[in-house]
Novice: 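I have a structure here, written as structure tokens, and I will follow up with some questions on it.
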Amino acid sequence: MGANIRRLVPVEGSAANKELVLRSGRQTLGRAPRNDFVLNDAEVSKLHVELVVTGEKAVLRDLGSSNGTFVNGESITERELKAGDRVAIGCSEFKYEVELESRRSTVTIVAMSPIDKTQVLAASQIESLRPAIEISDQAALRRSYERVRTAFDAVGMLIETTDIQLLCRRILEVAFNLVKAETGAVMLFDAERELVPWATRGAAGEEVDGIQISRTIVDQVIREQSAVLASDALSDSRWSSAESVVLSGVRSLMCVPLLSAHNVYGLLHVGNSKTVAAFSQSDLELMTGIGTGAGVALSNAFMNHRLVEEARTRESLGRFLSPVLVDQVLQDRVDMKRGGEEREVTVMFADIRGFTSLTERSRAQDVVSLLNEYFDQMVEIIFQHGGALDKYIGDAIMAVWGTPVSQPDDGLRALAAACEMQQVLQSLNAMREDRNEEPIAIGIGLASGVCVSGAIGARRRMEYTVIGDAVNLASRFAGIAKAGEVLCDKPTFERAGKPKASESLPLAQVKGKHKPVPVFRISRV
């Protein structure tokens with residue numbers, strides 16, 4: 001097995017935009033160029049923190065910074081980091097992640113020579129377990145009972161293991177406890193249906209390299225979904241035409257498909273190169289039970305893995321999409337793939353007025369708390385009106401209607417959200433004043449038009465966003481909007497049905513436009 005890979009991963013919405021991969025030893029973070037990791041952030045001190053990685057520990061120490069260092073919202077001077085911790089340094093926030101870098105042993109499937117027909121010493125079909133009332137033959141019933149008992153024992157040990165790497169090692173433990181194996185390997189199919197080694201084992205429990213498995217046997221095991229037993233494969237004339245068996249160098253072997261409900265996840269292979277007839281027919285029956293139990297456990301582990309990935313995806317999408325839209329994306333009803341397409345959208349920008357001077361008067365942690373409280377309420381309003389959160393840009397919110405799902409009244413929804421945001425902000429300010437905190441004010445700008453919408457960015461980091469003239473115009477309107485104002489362009493005004501509680505303002509000359517543009521102030525919709 002390899003070493004742990006430790007990372008500080010940027011949290012979406014913070015100023016951090018680069019993943020930091022930590023090495024063993026001491027490394028520093030700060031604003032000065034001499035640091036190992038440079039954070040271009042005015043709230044960060046020149047030499048802000050140090051991280052010391054030794055063995056299994058990663059210790060974070062504040063180096064007397066002006067604005068402090070926070071772990072999970074708590075100010076710290078020194079803290080040993082745990083996986084999942086949130087580290088806030090200035091306006092940058094990271095999540096501490098630890099990943100085990102595994103080294104997979106080498107297992108080779110030796111090429112097959114043509115043979116006229118399948119030749120095995122014994123094979124045992126691995127089938128779904130059947131109720132006793134469906135089995136009339138008593139001998140078959142006893143065999144089924146043994147399979148059930150063995151499968152139950154295997155499942156009892158394996159079923160609670162959802163880590164696939166660990167599960168594969170435990171499958172080998174079960175096999176080695178039941179049969180006299182010298183080497184063993186668990187191989188699973190990858191996305192391209194190629195068998196990949198996930199765990200290997202020797203007689204002493206160590207990982208081993210250089211295991212060879214016969215393509216002849218592998219093909220039969222997968223094709224017929226049956227466990228195969230071969231004895232003295234080096235000399236048995238029945239395998240003489242299968243060169244791959246001879247090259248694998250085994251005198252005894254068993255190979256079992258790992259399957260559940262006829263879905264083959266891979267195979268378990270055990271071998272012995274020293275002993276002739278190391279495995280018996282009863283061993284083969286045991287292996288069928290292991291194959292059944294391990295298949296159920298793998299099915300459970302892969303399902304758990306899919307659920308975890310879906311939860312991560314849901315959490316990620318939930319940062320900028322409403323729960324309804326997240327469900328549609330996960331059901332493949334909305335295309336989120338990389339690239340873009342033209343869509344008719346309405347874009348909103350909302351800016352806090354005087355935010356720069358407010359940050360100068362406030363502690364960094366107070367500013368972070370303010371933004372979190374403000375963003376929570378504003379984004380919830382956007383979601384309630386069917387919008388999608390595009391991104392946070394410092395104190396600004398960018399939202400969009402019309403992608404990834406469009407509605408005929410997107411313009412009206414966007415304006416309704418903007419007006420409600422101004423109203424809810426009044427309630428938020430009342431609470432802030434009760435806490436002796438400074439009130440805030442926002443200006444909101446909206447614009448509509450055709451934009452390119454899609455997952456855009458580098459392969460390692462993409463964002464679902466929109467690009468186009470409406471984005472720029474909405475941003476300009478937000479910049480000129482006064483505290484408490486909602487400004488929009490003519491297309492948005494018309495899409496919203498020309499709200500009566502509105503006022504046409506003088507043409508506005510905005511950056512990027514050769515001619516002045518119409519602008520409307522909306523009070524309510």
Side-chain angles (χ1 to χ4, degrees), residues 1-5 99-112 121 154 157-158 161 163-190 194-222 227-236 239 242-258 264-280 283-284 286-291 293-295 297-298 301:
M1 302 300 293
N4 286 335
I5 301 174
E99 176 184 349
L100 183 63
E101 182 182 44
S102 60
R103 178 191 66 82
R104 288 188 180 152
S105 303
T106 58
V107 178
T108 306
I109 299 179
V110 186
M112 179 183 66
L121 299 184
M157 178 179 180
L158 302 173
T161 306
D163 182 299
I164 298 174
Q165 186 85 56
L166 179 59
L167 175 57
C168 291
R169 292 198 294 268
R170 287 185 173 174
I171 291 171
L172 285 175
E173 288 178 20
V174 171
F176 273 65
N177 286 337
L178 293 173
V179 299
K180 297 177 181 179
E182 182 187 38
T183 59
V186 171
M187 302 184 72
L188 303 180
F189 284 112
D190 62 13
E194 294 290 333
L195 283 168
V196 177
W198 276 74
T200 62
R201 177 183 167 122
E206 77 284 8
E207 290 187 357
V208 293
D209 278 327
I211 295 177
Q212 291 185 323
I213 303 178
S214 163
R215 171 66 69 182
T216 307
I217 296 174
V218 166
D219 286 348
Q220 176 176 336
V221 168
I222 301 302
V228 168
L229 164 66
S231 179
D232 197 14
L234 283 172
S235 59
D236 198 311
W239 293 98
E243 182 183 356
S244 65
V245 176
V246 177
L247 289 177
S248 67
V250 294
R251 303 187 72 86
S252 301
L253 68 88
M254 285 189 292
C255 196
V256 183
L258 304 175
V264 181
Y265 295 100
L267 58 84
L268 163 65
H269 180 277
V270 293
N272 193 311
S273 62
K274 298 177 181 177
T275 306
V276 177
F279 307 125
S280 65
D283 289 335
L284 188 65
L286 288 174
M287 293 292 277
T288 63
I290 294 172
L298 279 167

Novice: What is the minimum heavy-atom distance between A203 and A181, and which atoms define it?
Specialist: CB-O, 4.3 Å
Novice: Check I171 against A294 and note the closest heavy-atom contact, atom names and distance.
Specialist: CD1-CB, 3.7 Å
Novice: Calculate, to the nearest 0.5 Å, the distance between atoms CD1 and SG belonging to I222 and C255 respectively.
Specialist: 7.0 Å
Novice: Start with the C-alpha gap between L298 and L167, add the side-chain angles, then the distance that decides, and say whether side-chain contact (heavy atoms from CB on, under 4.5 Å) holds.
Specialist: CA-CA 8 Å; L298 279 167; L167 175 57; 3.6 Å; yes
Novice: With sequence neighbours excluded, tell me which residues meet ring pair (Phe, Tyr, Trp, His ring centres under 6.0 Å) with Y265.
Specialist: F302
Novice: Check D283, L229, N272 against S252 for a side-chain contact (heavy atoms from CB on, under 4.5 Å) and give me the one that passes.
Specialist: N272
Novice: Quick one: closest heavy-atom pair of G184 and I211, and the distance?
Specialist: O-CD1, 3.4 Å
Novice: Kindly indicate whether the side chain of L268, heavy atoms from C-beta on, has any atom under 4.5 Å from the side chain of L172.
Specialist: yes
Novice: Which pair of non-hydrogen atoms, one from K180 and one from F279, has the smallest distance, and what is that distance?
Specialist: O-CE2, 3.3 Å
Novice: Distance check, rounded to the nearest 0.5 Å: E173 atom CD versus L178 atom CG?
Specialist: 12.0 Å
Novice: Could you give the distance from OG (S214) to CD (Q220), rounded to the nearest 0.5 Å?
Specialist: 9.5 Å
Novice: Of V218, V186, I217, V228, which meets side-chain contact (heavy atoms from CB on, under 4.5 Å) against L267?
Specialist: V218
Novice: Quick one: does L253's side chain get under 4.5 Å of I213's, heavy atoms only?
Specialist: no
Novice: Under 3.5 Å, is there a donor-acceptor pair between the side chain of Q165 and the main chain of W198?
Specialist: yes
Novice: What is the minimum heavy-atom distance between P257 and A227, and which atoms define it?
Specialist: CD-N, 3.9 Å
Novice: Report yes if the side chains of I290 and V256 come closer than 4.5 Å at any heavy-atom pair, otherwise no.
Specialist: no
Novice: Quick one: CG on N177 to CG on L286, what's the gap to the nearest 0.5 Å?
Specialist: 11.5 Å
Novice: Which distance, rounded to the nearest 0.5 Å, do you find between the CZ of R201 and the CD of E207?
Specialist: 11.0 Å
